[in-house]
**Q** 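Below: one structure in structure tokens.
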Amino acid sequence: MKRLSGIILSLIFSLGIMSGCDVNSGKGSIKVAYFTGGFGTEWMKEMAKDFTTETNITVSFEASNTITRDLETYLESEVNIPDAFLVLLTNWRSWATQGWLEPLDDIYNKEYTLTENGKNSSVKIKDYLNEGFQTYGKMKQRPSSASENYWVIPWTNHVTGFVYNENVLQELGWAKAPETETELKQLISDINGANLRNSEGTQVKPFAWGGKEIKYWNYVVMAWWAQYEGMNKWNEFWNFPNPEVYLQEGRVEALRLFQDIVGSEAGWINSINNLSEKDHIDAARAFLKGEAVMMPTSAFFENEMQGFFPTADPIVSGKNFSYKMMTPPLISGAKAGAALNNSEAGDFMGVPSKAKNKDGGKKFIEFINRPENIRKFSVKTGMPRPFQTVYSDANSISLFIKDCFAIYESTEQLYKNSNSALYHYKDLNEWVGVGENSVYSSLSGKNIKPPTDVNKSVYNYAKSNWKRWCNELGIPYSG
């Protein structure tokens with residue numbers, strides 16, 4: 001997800017410049033480009049300071065919320081290339097096939113020291129990653145390549161669902177957040193029936209979200225799809241055995257539930273006003289002002305919105321504002337348990353093949369992926385990483401982040417990962433050829449479509465191109 005997409009935040013700063021050393025070149029310095037939105041910069045400053053102390057390599061930064069897009073331009077034009085980078089989910093596989101990335105096999109196979117319960121053991125990154133995501137960064141550079149390499153290392157593991165106003169739920173008689181589709185719909189009815197007003201007199205709606213970034217509904221819709229189908233079918237989809245996987249009933253059911261709660265022929269319902277004018281930051285501000293009770297989001301919500309949180313609850317008078325995260329309630333007909341978290345994992349880090357100081361860049365990537373530094377990043381930012389790291393004993397963190405860490409540790413993670421050549425080289429995804437904005441927008445308004453038709457349009461695109469894709473890759477046609 002491209003968080004803070006409406007805010008241009010670009011800063012360049014440096015740490016610990018060595019006397020007489022050019023910070024952008026040479027063995028004694030590296031440049032790191034990284035995404036800041038939702039994570040900030042403090043964690044990186046601390047990490048770089050520790051890295052410099054250990055290695056005597058100084059670090060300069062390009063820290064930006066637009067770096068994912070900018071980096072592709074740098075790599076393609078061979079201008080302003082950093083020595084290491086950390087960016088949001090994008091098609092890194094295309095970068096690998098074009099020769100823009102340096103292999104990271106040596107880092108994946110490096111022995112790290114893991115300390116648990118006072119005891120030390122050795123572990124490799126490829127084994128420390130969560131099950132289901134251990135091969136995310138691995139592929140053949142080209143279909144004809146003799147062997148595979150690791151090209152990137154996963155960065156974040158979101159905790160997703162609905163952030164909600166705890167006081168409002170309690171005021172309406174809910175001792176805990178809804179856990180099923182039926183309960184979610186009842187809560188929506190209760191909110192509408194109570195005719196609540198915030199401190200500014202605005203009627204409170206069930207949901208806040210931004211029409212400019214409707215894709216944030218993917219956080220919960222994907223979870224509903226996996227709940228309905230079960231993990232075996234979810235994993236089968238991402239292996240792309242044939243185009244018929246796009247006809248999984250869970251996809252239609254997840255879109256049906258989305259349409260049930262916010263779509264109608266008259267337009268969007270149960271949602272804040274003027275959706276088309278709002279991005280996800282506007283939606284978050286509306287939630288914090290008490291214009292809605294729930295919002296689809298991720299664990300980055302709190303860190304991203306620092307400075308906007310009210311002290312007093314804007315809806316329930318006499319109480320301090322209290323908010324929590326709920327996992328997506330269980331969809332009717334689900335075959336999997338409710339304990340699923342749509343990780344939206346795919347943000348990644350790596351080293352450009354044409355970096356001036358590849359050795360220094362790889363040393364930095366190795367450093368921040370040590371088990372103790374994986375944990376340090378997460379505790380500082382509130383965002384887990386997809387490793388077998390325990391966070392529940394972390395101190396000095398907010399109740400919201402403690403809640404998110406508990407969800408992360410108690411749920412099975414949904415990963416979009418595949419060894420399929422179609423995934424690696426044709427960038428197949430859940431809404432291929434149509435896109436999530438078109439998919440969701442089709443489910444409300446005067447041109448509203450049934451979920452079956454919306455999903456069929458995605459299937460038709462995949463089906464019509466499948467044979468050509470297979471022929472181009474030299475793999476058996478499986479249509």
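All values reported here derive from a predicted model rather than from experimental measurement.
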**Q** Would you call Lys233 and Glu236 a salt bridge, taking side-chain N to carboxylate O under 4.0 Å as the test?
**A** yes

**Q** Sequence neighbours excluded, which residues qualify as side chain to side chain contact (heavy atoms under 4.5 Å, CB included) partners of Asn437?
**A** Ile214, Lys215

**Q** How are the rings of His158 and Phe300 set relative to one another: parallel (under 30°), tilted (30 to 60°) or perpendicular (over 60°)?
**A** perpendicular

**Q** Can you tell me how the ring of Phe162 sits relative to the ring of Trp217, calling it parallel under 30°, perpendicular over 60° and tilted otherwise?
**A** perpendicular

**Q** Answer yes if the ring centres of Tyr164 and Trp174 are under 6.0 angstrom apart, and no otherwise.
**A** no

**Q** Take atom CG in Leu399; do more than 12 heavy atoms of anything else shown fall under 6.0 Å from it?
**A** no

**Q** If you count the non-hydrogen atoms of other residues, nucleotides and ligands that lie under 6.0 Å from CG in Asn232, is the total more than 12?
**A** no

**Q** State plainly whether the residues Lys278 and Glu213 are in salt-bridge range, i.e. N to O under 4.0 Å.
**A** no

**Q** List the residues meeting ring-ring contact (aromatic ring centres under 6.0 Å, His included) with Trp224, not counting sequence neighbours, and say none if there are none.
**A** none

**Q** Hey, is Glu472 close enough to Arg468 for a salt bridge, meaning N to O under 4.0 Å?
**A** yes

**Q** Verify the distance criterion only: is there a donor paired with an acceptor across the side chains of Asn218 and Tyr440 at less than 3.5 Å?
**A** yes

**Q** Is the Lys NZ or Arg CZ of Lys324 less than 6.0 Å from the centre of Phe400's six-membered ring, within 45° of the axis?
**A** no

**Q** Relative to the ring of Trp431, is the ring of Trp225 parallel (under 30°), tilted (30 to 60°) or perpendicular (over 60°)?
**A** tilted

